[in-house]
Undergrad: 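Attaching a single structure in structure tokens format; questions to follow.
Computed from heavy atoms alone, side chains included, the values below leave out hydrogens, waters and symmetry copies.
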Amino acid sequence: MDIQDGISRSIVDAPPAHYIVRIESFSLLTKNSIERYESGKFDAGGYKCSAHASTKVTWIMCYNVPTPHRKERSKGKGESLIMMKDAIAYKQVWEINNFSKLDSECCDSKPFNAGNYKWKIKLYPKGKDAGLGSHLSLYLALADPTALSTGSKIYAQIILRILDQKQAKHHFGKANYWFSASSHENGASRFLLISNLTSQYLGYLVKDSCLVEAEVTILGVVDAFS
């Protein structure tokens, strides 16, 4: 035991814990706007750690010295990130009739398939969070987040649109997001001003009907292994 400047340091004779991160098609990280990849949290000698990947590493193993009196050796665990080389875009259009009569805080589309996963569009007609009372809020969500195994994540590009039924000048938002069991809904709370949605000069609401489109492209998938 060595104590200097009020800091306690300990050295123990024990094997390190280890965690492996495997990335396939590593060159696609930058292409898909991932400048740095951070793994899920894992235990190493009584500490919580995470591994980080930059653009120059394809395999990462994170080590951490166990705390004193910890005799057991941690089993090797890790995760695999597979980036999609030929990602396919999936589109789903949701028609909402009698829009002015919607009285629910949130409306969900029927589940649809995109990249072997089930999704749904979530629309808040009177807004949510920062958009409450002023904007239409629009999100994409996993239809059944509990179906994802522990440690699994999906990296997807999503484009959400309110379709212009008159002049095809659609209003849209585009972004890349990570989806997981704990973070299964992404989108915009201030997607479109309610005043613009209901304007008679714009084509977003025609005969009290609104068309919402979601375009989903799966860019990468993370699975845990042990």
Undergrad: Minimum heavy-atom separation for E213 to K91, with atom names?
TA: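 Shortest heavy-atom contact: OE2-CD, 4.0 Å.
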Undergrad: So which atom in P111 and which in A143 form the shortest heavy-atom distance, rounded to 0.1 Å?
TA: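 Closest approach of P111 to A143, heavy atoms only: CB-CB, 4.1 Å.
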Undergrad: When clusters are formed from ILVMFWY side-chain contacts under 4.5 Å, directly or step by step, what else is grouped with F172?
TA: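 In the cluster with F172 are I159.
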Undergrad: Return the minimal non-hydrogen interatomic distance between S80 and E24, and the atom names on each side.
TA: OG-OE2, 4.5 Å
Undergrad: Given I162 and V212, is the side-chain contact (heavy atoms from CB on, under 4.5 Å) satisfied, shown in steps?
TA: CA-CA 5 Å; I162 300 294; V212 182; 3.7 Å; yes
Undergrad: Can you measure from CD (Q157) to CG (N32) and round to the nearest 0.5 angstrom?
TA: 8.0 Å
Undergrad: Please say yes or no: joined through hydrophobic side-chain contacts below 4.5 Å, possibly via intermediate residues, are L142 and M84 part of one cluster?
TA: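 Yes, L142 connects to M84 through the hydrophobic network.
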Undergrad: Search all heavy atoms of G127 against all heavy atoms of L132 and return the closest pair with its distance.
TA: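 Scanning both residues completely, I find the closest heavy atoms to be O-CD1, 3.3 Å.
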Undergrad: Is any side-chain heavy atom of Y177 closer than 4.5 Å to a side-chain heavy atom of L140?
TA: no
Undergrad: Looking at side-chain heavy atoms only, is the closest gap between I121 and D108 below 4.5 Å?
TA: no
Undergrad: Does a side-chain heavy-atom distance below 4.5 Å link M83 with L81?
TA: yes
Undergrad: Can you tell me how far apart CG (L192) and CZ (R161) are? Round to the nearest 0.5 Å.
TA: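 Answer for the CG-CZ pair, L192 versus R161, is 14.5 Å.
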Undergrad: Quick check: is L28 connected to V222 through a chain of hydrophobic side chains (ILVMFWY, heavy atoms under 4.5 Å apart)?
TA: yes
Undergrad: What verdict does the side-chain contact (heavy atoms from CB on, under 4.5 Å) test give for F99 and L123, after you've listed the backbone C-alpha separation in whole Å, the side-chain angles of each residue and the deciding distance to 0.1 Å?
TA: CA-CA 11 Å; F99 191 92; L123 181 144; 4.1 Å; yes
Undergrad: According to a hydrophobic-cluster definition based on side-chain heavy atoms being under 4.5 Å apart (Ile, Leu, Val, Met, Phe, Trp, Tyr only), do V206 and W94 belong together?
TA: no
Undergrad: With a 6.0 Å cut-off on the ring centroids, do Y90 and W119 count as close?
TA: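 No, ring centres 6.0 Å or more apart.
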Undergrad: For residues L148 and Y117, determine if any side-chain heavy atom of one lies less than 4.5 Å from a side-chain heavy atom of the other.
TA: yes
Undergrad: How far apart are the C-alpha atoms of K118 and N113, what are their side-chain angles, what is the distance that settles it, and do they pass the side-chain contact (heavy atoms from CB on, under 4.5 Å) test?
TA: CA-CA 5 Å; K118 286 189 176 294; N113 292 318; 3.2 Å; yes
Undergrad: Between CD1 of I218 and CG of N116, what distance do you get to the nearest 0.5 Å?
TA: 8.5 Å
Undergrad: Quick one: pull up NE2 in H171 and CG in L160 and give me the separation to the nearest 0.5 Å.
TA: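 Those atoms lie 10.0 Å apart.
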Undergrad: Does Y139 have its ring centroid less than 6.0 Å away from the ring centroid of F191?
TA: no
Undergrad: When rounded to the nearest 0.5 angstrom, what is the spacing between NE2 in H184 and NZ in K153?
TA: 16.0 Å
Undergrad: Side chains of Y204 and L136: closer than 4.5 Å at any heavy-atom pair?
TA: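 No; the side chains remain at least 4.5 Å from each other.
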Undergrad: So L102 and I96, side-chain contact (heavy atoms from CB on, under 4.5 Å) or not? Walk me through it.
TA: CA-CA 9 Å; L102 296 177; I96 305 174; 4.0 Å; yes
Undergrad: What are the two closest heavy atoms between E215 and A89, and how far apart are they?
TA: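 Shortest heavy-atom contact: OE2-CB, 3.6 Å.
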Undergrad: Do other residues, nucleotides or ligands put more than 12 heavy atoms under 6.0 Å from the NZ atom of K122?
TA: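 Atom NZ in K122 is packed in, count exceeds 12.
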Undergrad: Parallel, tilted or perpendicular: which one describes the rings of Y155 and W178, with boundaries at 30° and 60°?
TA: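 Y155 and W178: tilted rings.
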Undergrad: Would you name the heavy atoms of V216 and A114 that are closest together and state the gap between them?
TA: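 Looking at all heavy atoms of both residues, the closest pair is CB-CB, 4.0 Å.
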Undergrad: Roughly how far, to the nearest 0.5 Å, is CD of Q165 from CD of E95?
TA: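 It is 7.5 Å, given to the nearest 0.5 Å.
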